[in-house]
2 protein chains.
Amino acid sequence: MVKAAGKGAARPSVWLAGQARGGRRGGGQPSGLDRKRITEATVRLLDAEGLAKFSMRRLAAELNVTAMSVYWYVDTKDDLLELALDAAFGELRLPDADGDDWRERLRALAGEYRSLLVRHPWLSPLAGRYLNIGPHARAFSRTVQDVIRRAGLPAHGVTGALSAVFQFVYGYGTIEGHYLARAADAGMTPDDYYRHAMRAVTEDPAASGAVEQSRDIMAARGGDTVSEMLERDFDFALELLIAGIEAMAARG
Amino acid sequence: MVKAAGKGAARPSVWLAGQARGGRRGGGQPSGLDRKRITEATVRLLDAEGLAKFSMRRLAAELNVTAMSVYWYVDTKDDLLELALDAAFGELRLPDADGDDWRERLRALAGEYRSLLVRHPWLSPLAGRYLNIGPHARAFSRTVQDVIRRAGLPAHGVTGALSAVFQFVYGYGTIEGHYLARAADAGMTPDDYYRHAMRAVTEDPAASGAVEQSRDIMAARGGDTVSEMLERDFDFALELLIAGIEAMAARG
DNA sequence: ACCTGAACACCGTTCAAGT
DNA sequence: ACCTGAACACCGTTCAAGT
């Protein structure tokens, strides 16, 4: 027996499949189903209940259809999640190719990406899990590259600089979205949740060591609210990255 | 009815639980089970088969025990994964508090974290999903803070700079580990897999637009192997971040 | 104190059958 | 062409029962 990767060597992405089976009119069918409607319902459910609770059966119920109808339009759950992922990237407002200088456009792009990740906390695990080469994701990455290229970096540095900026934004948006979702789940404001978590950590003997460190952070941050801290840290880090790009461009 | 977060408002972390039930000798029991052995088997299985395939039943089989025995030592699957997460952070070799200058220690820490994420691709989703406040994770974050504090940044910039650096490393290590795992699953070298993926994207009409952009990147990167590219981009980005920290420190 | 077996309420997906 | 129902091979977890 030849050692194979699982059974059937799954196709790496929906976007590399043959012509889609779905995508017809929508209304001709008894149920009015099509890929667009299914994808929209998926995004809605993911926003409302999160990735962990999403299931094909749950989605079918939402669409007033039997569990297996969806499979006429979509091969697997993975394919459907890839479609939802790219649909979310479609929400990004991309700045014009020309106009402001690259710094201003980079701030705009980073801000858009961050707020997308916060708005859809399920997006971050999906962006990590799949290839993310749908049309909207590609438009985004093309724009990002255009912007970075204007910064005057040496050619061999462009992809590295791009990584530095957007891996940061990705990571930051991920934990921020996660944190806010947790707070909302617990029925608290972000500030109440912060105080609550701090108290839990402080009171637990196993967590000693986290305490002094957190106190320092709090002191440094002053009496800000959580969202002020999040804003300030993000802005500072982004300016740091821009300063780093400038420094590397100057080195040549 | 009061609106509650699910049923029972799940405890936010194993590390905030009361005294652990497990952790006894290990050998007194018929099966020789304890938390340590269970956690080690979990890490082994996650390395071998990935997060998606991991299950409590699969783990029990590995330990030659019935599915439910594990629940004597661990409350839920989530708790167990948190234990595995912190165990992995225990593999990090943290540099001494004093010695080299902060730049050298930052490079060492970033390199350690990156290789940890690559070695254990399951770690990245878990680090995003849980609070990650186990003893080893806390030791890591304490060390990171010590290092950043030596860079001469204004107090309000320390946490932002910390985010910039370690969100970058996290994101970079995540996609790198993911990529290498995919290649290995497909039974290819990283270079073969790269060529294969490029060909798939190039041939697919839907992917037009990704092509020219990728060609540019390739051209800029020269005839490197994938691992040379990964190395170069990581190093460039890290130097960019260090330069950015220096610039922000100079601004005061 | 520790471990088992049966059971509950779920999954994603296949397949033969309906209209 | 589109949709359904039953079935398969799984899950995490509860619970009563064993030793």
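It should be emphasised that the depicted structure is a prediction, and the values quoted were computed from it without experimental measurement. A, B, ... follow the sequence lines: proteins, then strands. Residue 1 opens every chain.
- When heavy atoms are screened at a 4.0 angstrom cut-off, M68(B) is found touching base atoms of the nucleic acid.
- If you take CG of N64(A) and P of dT4(D), they are 10 Å apart, rounded to a whole angstrom.
- Of the side-chain N and O atoms in S69(B), one or more sit less than 4.0 angstrom from OP1 or OP2 of dT4(C).
- With a cut-off of 3.5 Å on both Watson-Crick or G-U wobble distances, the partner of dA17(D) is given as none.
- Using modelled atom types, one finds no donor on one side chain facing an acceptor on the other under 3.5 Å when comparing D34(B) with Y73(B).
- Using a cutoff of 4.0 Å between basic side-chain nitrogens and carboxylate oxygens, R129(B) and E82(B) are not scored as salt-bridged.
- Rounding to whole angstrom units, CZ of residue R58(A) and C1' of dA9(C) are separated by 16 Å.
- For the pair W72(A) CH2 and dG12(C) P, the interatomic distance rounds to 21 Å; values are reported in whole Å.
- Across dC15(D) and dC3(C), the matching C1' atoms stand 14 Å from one another, rounded to whole Å.
- Rounded to whole Å, the distance from CE on M56(A) to C1' on dC10(D) is 17 Å.
- Within the shown strands, nothing qualifies as a pairing partner of dC3(D) under the Watson-Crick or G-U definition with both distances less than 3.5 Å.
- Between the R93(B) side chain and the E112(B) main chain, no donor and acceptor come within less than 3.5 Å of each other.
- Base pairing annotation: dA9(C) forms no Watson-Crick or G-U wobble pair, as no partner gives both donor-acceptor distances under 3.5 Å.
- Residue D34(A) contributes atom CG, which lies 15 Å from atom C1' of dA1(D) at whole-angstrom precision.
- Distance, L80(B) CG to dG12(D) P: 10 Å, rounded to whole Å.
- The side chain of Y73(A) has dC2(D) as its nearest neighbour among dC2(C), dT13(C), dC2(D).
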Take F140(B) and F166(B), measure what ring pair (Phe, Tyr, Trp, His ring centres under 6.0 Å) needs, and give me the verdict at the end.
CA-CA 11 Å; F140(B) 175 61; F166(B) 284 86; 5.8 Å; yes
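- Under the 3.5 Å distance criterion, the side-chain polar atoms of D86(A) are matched with a main-chain donor or acceptor of A137(A).
- Out of dA6(D), dG12(C), dG5(C), the shortest distance to the side chain of Y71(A) is found at dG12(C).
- The separation between L59(B) atom CG and dG12(D) atom C1' is 13 Å, rounded to whole Å.
- An OP1 or OP2 oxygen of dC10(C) is reached within less than 4.0 angstrom by no side-chain nitrogen or oxygen of S55(A).
- One atom, NZ of K53(A), and another, P of dG12(D), lie 18 Å apart when rounded to the nearest Å.
- When each of T66(A) and R57(A) is assigned the nucleotide of DNA chain D bearing its nearest heavy atom, the one mapping closer to the 5' terminus is T66(A).
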